[in-house]
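Since the structure comes first, as structure tokens, the remarks are kept for the end.
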Amino acid sequence: MLRLNDIWKTKNFITYALYPISYIHGIITGIRLISIRPKKVSIPVISVGNLSIGGTGKTPITRYIVNFFQEHGVETATILRGYKGKIKHTIKVDSSIHKAEDVGDEAILHSIDGNTWVSPNRYLGAKEAIKDGAEVIILDDAHQSFSLHKDISLIVVDGIEMFANGCLLPSGPLRENIKSGLRRADGIIICGKSESLHSEIINSNKPIFYNQFIPETNLEKFKNFNMYAFCGIGNPRRFFKTLEDNGVKVVKKKIFQDHHRYKDTEIDNILKASSKLNLVAITTEKDITKIKKEYHEKISVLKIKLEWRNNEFRKFLINNILNR
């Protein structure tokens, strides 16, 4: 199956044909940037975002930041739009009541860690979170959201794919121009191994932090099994590579669209195929939130955690938030 990420790797006849639409997209983004005046709240706001669509690692980094502040006794609130969720108003997420189809899969993940709000307007969400006792607000996927003033803006970049062909949507994966997007950033996070950095990152003079995703799940127990790996995330390549790099033999793969809502029939088919071929089904932590609980004991889950190259990112948070 040909995916957009494959088309966007280079500039080709498809991307050139879509240039006029990309030009209009750029104009609209620029107008929004200069016309909306962000509102400031009384507590620090940290934004974790990116310049391109797809899975660069925003959610794991947001969760890491939440856990960092909780370790220091700081009350956090994670706010996000609740992409593909049915609820379209500001609400605090309760995982015992809400499902992924209500508030989005990422909101369910964040609610495991701490107080989480979905809101179409981040400023309104922040006001409610402050009333609820928040001392620091972390925004997941908000670099192109301008309703709320951000004290720190972090850009997350995939170390291998970087900015692909460097084109705006739909000719490429970019939500906005690289230079203008990096100009508003206070730090750049490179996820995974990177052979070389994009020239705009090098020339940005922003602090750069490096990490990699490593399994939190003990994958040793799967080394004597053949696996059926399936997912519906922005960067399926990273999921499969993590398994294979850790000695897990993946003999069958299935990719769904990002944020895919699983039907019972789809899971039944995966489990039937796994049983027939003597495979163990495995998926991601985000995907399992969209699968009915009665299936959970039959599906293994890959949980990941971040490993930083050094302590510079922790020092950055301490100096810019805790010691301010």
Side-chain angles (χ1 to χ4, degrees), residues 25 28-53 56-70 74-85 87-93 98 103-111 113-157 174-177 180-189 206-207 313 316-317 319-322 324:
H25 176 89
I28 294 172
T29 302
I31 291 173
R32 290 183 65 239
L33 178 59
I34 63 176
S35 62
I36 301 176
R37 292 287 176 257
K39 298 177 182 178
K40 190 172 177 61
V41 293
S42 58
I43 64 175
V45 175
I46 302 171
S47 168
V48 180
N50 59 8
L51 303 186
S52 57
I53 65 172
T56 55
K58 298 182 303 297
T59 297
I61 290 168
T62 301
R63 298 182 74 185
Y64 174 88
I65 294 172
V66 167
N67 290 324
F68 167 84
F69 284 112
Q70 290 177 348
V74 178
E75 190 73 23
T76 64
T78 304
I79 302 176
L80 62 166
R81 184 161 55 106
Y83 183 65
K84 284 204 171 181
I87 295 176
K88 302 301 180 184
H89 58 273
T90 299
I91 191 170
K92 187 176 183 180
V93 179
H98 300 125
V103 295
D105 46 21
E106 287 151 345
I108 296 295
L109 274 184
H110 288 310
S111 69
D113 300 321
N115 297 324
T116 301
W117 299 76
V118 295
S119 178
N121 184 301
R122 263 72 166 204
Y123 175 69
L124 297 179
K127 289 176 66 177
E128 292 301 315
I130 292 170
K131 290 179 187 176
D132 195 51
E135 298 173 290
V136 172
I137 288 171
I138 302 97
L139 308 177
D140 185 351
D141 195 13
H143 197 64
Q144 290 77 31
S145 174
F146 307 118
S147 63
L148 179 62
H149 170 82
K150 302 147 189 172
D151 297 279
I152 293 178
S153 288
L154 300 168
I155 293 292
V156 184
V157 181
L174 295 182
R175 298 172 171 182
E176 63 174 303
N177 176 272
S180 67
L182 293 180
R183 190 182 301 123
R184 301 197 316 278
D186 300 292
I188 301 169
I189 299 174
K206 307 288 184 179
F313 185 64
F316 177 82
L317 295 176
N319 292 335
N320 288 277
I321 301 296
L322 295 182
R324 53 182 286 169

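Interatomic distance, His89 NE2 to Leu124 CG, rounded to the nearest 0.5 Å: 12.5 Å. Residue Leu80 holds its CG atom at 5.5 Å from CG of Asp140, rounded to the nearest 0.5 Å. Separation of atoms CD1 (Ile130) and OG (Ser42) is listed at 4.0 Å; rounding is to 0.5 Å. From Lys39, atom NZ reaches atom CG of Leu148 across 10.5 Å, with rounding to the nearest 0.5 Å. Atom CZ of Phe69 is separated from atom CD1 of Ile138 by 6.0 Å, given to the nearest 0.5 angstrom. To the nearest 0.5 Å, the span separating CG on Leu139 from NZ on Lys58 amounts to 13.0 Å.
Put simply, the side chain of Ile155 reaches to within 4.5 Å of the side chain of Leu182, judged on heavy atoms. Within the 4.5 Å cutoff, the side chain of Ser153 has heavy atoms near those of the His143 side chain. Contact check for Val45 versus His149: no side-chain heavy atoms found under the 4.5 Å cut-off. At a threshold of 4.5 Å between non-hydrogen side-chain atoms, the residues Lys40 and Asp151 count as touching. You'll find the side chain of Val66 stays beyond 4.5 Å of the side chain of His110, heavy atoms only. In this structure the side chain of Val156 reaches within 4.5 angstrom of the side chain of Val48, judged on heavy atoms. Between Phe68 and Val136, every side-chain heavy-atom pair lies at or beyond the 4.5 Å cut-off.
Across all their heavy atoms, Pro120 and Lys88 have their closest contact at CG-O, 3.3 Å. Closest heavy-atom contact between Gly82 and Val118: CA-CG1, 3.8 Å. Of all non-hydrogen atoms in Ser147 and Tyr123, the two that sit nearest each other are OG-N, 3.5 Å. The nearest pair of heavy atoms linking Pro44 to Glu135 is CD-O, 3.4 Å. When all heavy atoms of Gly181 and Leu51 are compared, the pair lying nearest together is CA-CD2, 3.7 Å. The shortest non-hydrogen separation linking Gly125 to Ile79 is C-CD1, 3.5 Å.
Between the side chain of Gln144 and the backbone N or O of Asn50 there is at least one donor-acceptor pair closer than 3.5 Å. Proximity of a side-chain donor or acceptor of Asp141 to a complementary backbone N or O of Gly49 within less than 3.5 Å is not detected. Between the His25 side chain and the Arg175 main chain, a donor and an acceptor come within less than 3.5 Å of each other.
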Item to check | Ile46/Lys150 under side-chain contact (heavy atoms from CB on, under 4.5 Å): CA gap, chis, key distance, verdict | outcome: CA-CA 6 Å; Ile46 302 171; Lys150 302 147 189 172; over 6 Å; no
Checklist entry - Would Ile34 and Phe146 satisfy side-chain contact (heavy atoms from CB on, under 4.5 Å), going step by step from the backbone distance to the final call? => result CA-CA 10 Å; Ile34 63 176; Phe146 307 118; over 6 Å; no
Checklist entry - So Thr116 and Ser111, side-chain hydrogen bond (donor to acceptor under 3.5 Å, both in side chains) or not? Walk me through it. => result CA-CA 5 Å; Thr116 301; Ser111 69; 5.3 Å; no
Item to check | Candidate pair Thr59 and Tyr64, rule side-chain contact (heavy atoms from CB on, under 4.5 Å), full reasoning | outcome: CA-CA 9 Å; Thr59 297; Tyr64 174 88; over 6 Å; no
Item to check | Evaluation steps, side-chain contact (heavy atoms from CB on, under 4.5 Å), between Trp117 and Thr78 | outcome: CA-CA 6 Å; Trp117 299 76; Thr78 304; over 6 Å; no
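Around the NZ atom of Lys206, the shell of radius 6.0 Å holds more than 12 heavy atoms that belong to other residues, nucleotides or ligands.
A salt bridge links Arg184 with Glu176: the distance from a Lys NZ or Arg NE/NH1/NH2 to an Asp or Glu carboxylate oxygen falls below 4.0 Å. With respect to Asp132 and Lys92, a salt bridge is recorded, a charged nitrogen being found less than 4.0 Å from a carboxylate O.
Residues Arg324 and Asn319 bring no donor and acceptor atom of their side chains to less than 3.5 Å of each other.
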